[in-house]
Amino acid sequence: MATETITVKGMTCSGCVNSVTKALTAVEGVKDVNVELEGQRATVSYDEAKVTVDVLKRAVEDAGYDVE
Ligand code: 9UX
């Protein structure tokens, strides 16, 4: 299991937090997601055998937000 923190730009309300949380949770291999509006970041625990950070970032971008 790995844990990665991704900077997420463009979240402006709790609905955005829900959207990003949902998008990340839906990715196969993701075990735990914590998205912070104030911190503009998402901390994700995941199985490295199933998913990479690039895939996680793409999921956030596909949901309509920017990553660093
Ligand atoms: Mo809030 Mo975010 O009304 O995409 S859900 S700004």
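Remember, it's a predicted structure, so these values are computed and weren't measured experimentally. Nothing fancy with the numbering, it's 1 onward along the sequence. Start at 1 and go down the list; that is how both ligands and their atoms are numbered.
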Considering non-hydrogen atoms of the protein only, which is the closest contact for [atom], and what is the distance?
{"atom": "atom 4 (O) of ligand 1", "value": "Tyr65 OH, 2.7 Å"}
{"atom": "atom 3 (O) of ligand 1", "value": "Cys13 SG, 3.3 Å"}
{"atom": "atom 6 (S) of ligand 1", "value": "Thr12 OG1, 3.1 Å"}
{"atom": "atom 2 (Mo) of ligand 1", "value": "Cys16 SG, 1.9 Å"}

Fill in: Minimum side-chain heavy-atom gap Val8-Asp66 below 4.5 Å
no
Response to the item:
Interatomic distance, OH@Tyr65 vs CD@Gln40, rounded to 0.5 Å, equals 10.5 Å
Worksheet item: For the residue pair Ala23 and Ala59, what are the closest heavy atoms and their distance?
Response: CB-O, 3.9 Å
Fill in: Full working for side chain to side chain contact (heavy atoms under 4.5 Å, CB included) between Asp32 and Val44
CA-CA 6 Å; Asp32 193 53; Val44 186; over 6 Å; no
Item to complete: Answer yes or no: is there a donor N or O on one side and an acceptor on the other, between the side chain of Glu48 and the main chain of Met1, under 3.5 Å?
Response: yes
Worksheet, complete the sentence: Atoms of ligand 1 under 4.0 Å from any heavy atom of Gly15, numbered from 1 in the order shown, are 5 (S)
